[in-house]
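See below for the structure under consideration.
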Amino acid sequence: MGIFDFLKKKNKGIDENKFLSNQFQNEICALALWKLKENNSNPYIAIKELKKVGLSDEQIDYVLEKTKKIIEPEQTFNIQNTDFGISDDLLDKIIKKEISELEIRNYFDKLFSFATYQAQNGKQKNALELYQKCLLINPNADEVYSNLSILNYEMNDFEKSLENINKAIEIKPLEIIYYKNKAVTCEHLELHEEEKKCYEKIIEIDSNNLEATFSLSQINVQNNEFEIALKNLNKVIDLTDGSDELFGPQLSKIGVLYELGLVKEAEDLYQKMTSLFPQEIIIHHIIPNLNFHKNKIDDAKAFFDIQYEKTKNAVVLKAKADFFFDKDKTVAISSYDEYLKINPSDIQARQNRATLHSEANSDYDVNLEIEQILAIDPNNVNALFNKARILVSQKSYDEALKITEKIYSTDNTNMNYVGFILELLELYKSEKEVENYIEKLKDNNPNESYNIEYRKGLYYKSKKLYDKAIQVFNSQNKIHEFAWNYYQVAIIKNLQGKTSESIDHLKKAFQLDPNIKEDAKTYEELENLHNDSQFLEITK
């Protein structure tokens, strides 16, 4: 597409310090909860909104997991102490309508609620079976087809997802959320004309639907329908009240105006946007991005230089550095150098410059950059974590452990820190000392005991203490079935040469989480199975 790559640029996510701050977490989780509840727990609309904010995939997973812990108690409370069993005889009576309509409706509601609960807690197979029973009771239950579509999507069965959402639409053709869901599925399948029809239908139902009109404008751009795109963007802008909501449509409009050859109008709007949002780096990327994708690289560089000469605004230098971060390391580094002379306390710019120097294998002293960041912000998580890694490479293990423990104390839900601590301890502590440390972690953080125990299994696996690792993963599954427990046991069984048992455990892992198939296809410790007929069959 090219023109709107600024909306799909390499997403490193929100700066970790900002992302992990209490204020931002409260705001972003509130947004996720709102979108989940507004759309019947449909995660795709929430994910789409979180991507618009600029979160990386990892940050989105973190937020959704956090919101899940808020939603789950509500769901558990609503369905606890309810009997969801339904015998074949009773189901037969329901289908034959041998009991009252009220009783049938009650059984349907219970099954539907439990199916949804199972789906949202990783029990896809159970959910599928329960939804099918719901359809036996009421073959015209559009909400069942909608939820099946979502479940199919999660299981990477996109064709089936499309089939089920079409059935929901056939039953209830004026339900906007169904067209939103279908559009997401069509986008994944690259059925852009069908995706376009979905947004057109939403607008037919609700002529002032901003989200659909804006999405339609983006498809217009993909199809090089710039005049129609401009018309749709103007409609969104006319209907939008707050300046914050205008941000995305106005950015898009700058690009469309530029593509239509209305350069002055594009630059006027660019100037207006930089006045309204002086700290938003991305605004400065739009016109250079268009030039870059037309191979007018010198024009892209010149744009930043001209704007800086006009304004002497340091933000333009940072925008130039960020823009060329993954395009031209030399230009990016020199731009960060210039910017940091003016604003030496910008931690993110320092981190980016250090990353570029590391990737370029230059003689630059990255340690010095880290120390300068810590002088500005002694609690900077990224800098502390990088310092810990450097200390490990220098075999200063105790000092590295103290730093990592400090980081973990600020965020004891981040299991990456636990994993790093265990890898560090493995380098210089005995097995017994590591085990005692794990127990201390669990005592100090009982809410994360399950996740910490999983890391203990990984520790045993890395030490080739396979029987102990298997015992941990099996015990975990007795508490709560988790696909990755089965997956780790499958890997260990394969390493032990027990192919049949490995395949059995892989099947269980894939049933709980079909996404693991993609990992299995490339995982080194399963490489010997990659041409095995059974493995090929179960990873289809």
Side-chain angles (χ1 to χ4, degrees), residues 1 3-4 7-8 31 34-53 142-143 145-147 149-150 153 161-162 164-260 262 265-266 269 272-273 276:
M1 175 171 62
I3 187 171
F4 290 136
L7 292 177
K8 295 186 176 181
L31 172 64
W34 168 41
K35 287 298 174 182
L36 287 167
K37 290 183 177 181
E38 184 185 63
N39 296 289
N40 300 321
S41 295
N42 178 353
Y44 311 111
I45 307 301
I47 288 169
K48 195 171 183 180
E49 291 300 317
L50 294 173
K51 282 185 176 179
K52 285 181 186 176
V53 175
D142 57 282
E143 67 271 33
Y145 286 115
S146 174
N147 281 19
S149 175
I150 293 170
Y153 191 102
S161 175
L162 184 58
N164 277 314
I165 199 63
N166 278 335
K167 287 178 181 175
I169 289 169
E170 186 180 334
I171 297 165
K172 203 168 185 180
L174 298 179
E175 188 67 36
I176 284 176
I177 186 63
Y178 294 169
Y179 292 101
K180 285 184 182 179
N181 292 356
K182 181 177 177 179
V184 172
T185 304
C186 288
E187 182 182 21
H188 188 92
L189 290 169
E190 297 186 359
L191 299 172
H192 298 303
E193 279 306 307
E194 282 299 307
E195 181 190 0
K196 182 180 180 183
K197 287 176 184 176
C198 290
Y199 293 123
E200 288 172 339
K201 184 64 180 179
I202 292 171
I203 294 165
E204 182 185 315
I205 298 167
D206 174 10
S207 61
N208 292 334
N209 191 291
L210 293 178
E211 184 182 344
T213 306
F214 182 59
S215 296
L216 184 57
S217 75
Q218 308 306 284
I219 296 174
N220 295 145
V221 169
Q222 289 177 13
N223 295 338
N224 295 321
E225 300 166 349
F226 297 117
E227 290 183 0
I228 302 172
L230 183 59
K231 180 182 174 183
N232 281 321
L233 286 169
N234 282 335
K235 179 181 175 182
V236 174
I237 292 164
D238 289 342
L239 290 169
T240 304
D241 296 326
S243 59
D244 287 345
E245 293 171 316
L246 280 169
F247 187 73
Q250 294 281 39
L251 289 190
S252 300
K253 185 175 177 179
I254 293 171
V256 170
L257 287 169
Y258 200 83
E259 283 292 320
L260 286 169
L262 303 171
E265 290 90 334
L269 183 54
K272 178 184 175 183
M273 290 293 285
L276 284 171

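In this chain, residues are counted from 1 in sequence order.
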Determine, step by step, whether K201 and E204 satisfy the salt bridge (Lys or Arg N to Asp or Glu O under 4.0 Å) criterion, reporting the C-alpha distance in whole Å, the side-chain angles of both residues, the deciding distance to 0.1 Å, and the verdict.
CA-CA 5 Å; K201 184 64 180 179; E204 182 185 315; 3.0 Å; yes
dist F226:CZ -> S217:OG (nearest 0.5 Å) comes out at 11.5 Å
Heavy-atom nearest pair, V221 first then V256, reads CG2-CG2, 3.9 Å
Those residues at least two apart in sequence (or on a different chain) that pass salt bridge (Lys or Arg N to Asp or Glu O under 4.0 Å) with E225 are K196
TODO: Carefully, step by step, assess L269 and K272 under the rule side chain to side chain contact (heavy atoms under 4.5 Å, CB included).
DONE: CA-CA 5 Å; L269 183 54; K272 178 184 175 183; 4.2 Å; yes
Closest non-hydrogen contact found for S146 with A168 is N-CB, 3.9 Å
- Task: Taking T213 for its side chain and N209 for its backbone only, find out whether a donor-acceptor pair lies under 3.5 Å.
- Result: yes
In terms of heavy-atom contacts, I254 and A266 come closest through O-CB, 3.7 Å
- Message: Can a donor-acceptor pair be found, under 3.5 Å and without considering hydrogens, that links the side chain of S252 to the backbone of G248?
- Response: yes
Query raised in the report: Are any of the side-chain nitrogens in E194 or K182 under 4.0 Å away from the carboxylate oxygens of its partner?
Result: yes
Review point. Judged by atom type as modelled, is there a donor-acceptor pair below 3.5 Å linking the side chain of N166 to the main-chain atoms of L162?
Key: yes
d(L230 CG, L262 CG) to nearest 0.5 Å is 7.5 Å
Looking only at heavy atoms, the pair that brings I165 and Y178 closest together is CG1-O, 3.5 Å
Q. Would you say the side chain of N232 lies within less than 4.5 Å of the side chain of F214, judging by non-hydrogen atoms?
A. no
query: Any sub-3.5 Å donor-acceptor pair from Y179's side-chain atoms to P173's backbone N or O?
result: yes
Sorted by chain and number, sequence neighbours left out, salt bridge (Lys or Arg N to Asp or Glu O under 4.0 Å) with K235 holds for none
Sorted by chain and residue number, the salt bridge (Lys or Arg N to Asp or Glu O under 4.0 Å) partners of K172 (sequence neighbours excluded) come out as E175
field: SB check K197 E200 (cutoff 4.0 Å)
entry: no
Between the CG atom in L276 and the CE atom in M273, the distance rounded to the nearest 0.5 Å is 6.5 Å
Check your understanding: Strictly by modelled atom types, are Y153 and N181 linked by a side-chain donor-acceptor pair under 3.5 Å?
Key -> no
**Item:** Lys/Arg N to Asp/Glu carboxylate O, E265 vs K253, below 4.0 Å
**Value:** no
- Task: Give a yes or no on whether the backbone of E211 and the side-chain of S215 come within a donor-acceptor separation of less than 3.5 Å.
- Result: yes
CG (L239) and CG (L210) are apart, to the nearest 0.5 Å, by 5.5 Å
